[in-house]
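One-based numbering along the sequence shown. Below, all heavy atoms of this structure are taken into account, side chains as well, without hydrogens, waters or symmetry copies.
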Amino acid sequence: MVVVGCSGGGQGSPAGEAAATKAPSSSNAPEGQKAPLKLSIMATYYTPQPPNNQSDIWKKLQEMTNTQIDMTWVPRSAYDDKVSVSIASNDLPQGAARTELILPALGECD
């Protein structure tokens, strides 16, 4: 699986570049020193139910990486359509899993 992100505008995204360079460090900073990095991600799942975003493992991952991840899980059968609708409505998350090598909707992103 490959994760990609794109933004509208075509002139690049200073905010996206800033977010990419502000990744939390691996140091153990005291609680409250830095606000968590907020990320929105859309990914597909192949199981009968989507993964649990409230599990202890998920919470620990966010705590260890100082992130707040808004994860949108989409069934594989609807994923391509969801990506196309998200692009058309200019409502793409910061990251999206690309499931096919050629997905015209994602290939057009700047």
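Here the closest non-hydrogen pair linking Met42 and Val83 is CE-CG2, 3.7 Å. The two residues Ile69 and Trp58 make their nearest non-hydrogen contact at CG2-CZ2, 3.9 Å. Looking at every heavy atom in both residues, Pro50 comes nearest to Trp73 through CB-CB, 3.7 Å.
Residue Val85 is not grouped with residue Leu92 when hydrophobic side chains (ILVMFWY) are merged at heavy-atom distances under 4.5 angstrom, including chains of intermediate members.
Proximity of Gln62 to Asn66: side-chain heavy atoms (C-beta onward) are nowhere separated by under 4.5 Å.
Within 6.0 Å of the CG atom in Asn52, the count of heavy atoms belonging to other residues, nucleotides or ligands exceeds 12.
For the atom pair NZ (Lys60) and OG (Ser55), the distance works out to 13.0 Å, reported to the nearest 0.5 Å. Taking CG of Asp80 as the start and OG1 of Thr44 as the end, the distance is 8.5 Å to the nearest 0.5 Å.
Formation of a donor-acceptor pair under 3.5 Å by the Thr67 side chain with backbone atoms of Leu37 is not found in this model. Between the Tyr79 side chain and the Ala97 main chain, a donor and an acceptor come within less than 3.5 Å of each other. No donor-acceptor distance shorter than 3.5 angstrom exists from the side chain of Gln68 to the backbone of Lys38, with no hydrogens or angles considered. Here the side chain of Gln94 pairs no donor or acceptor atom with the backbone of Ile41 at under 3.5 angstrom.
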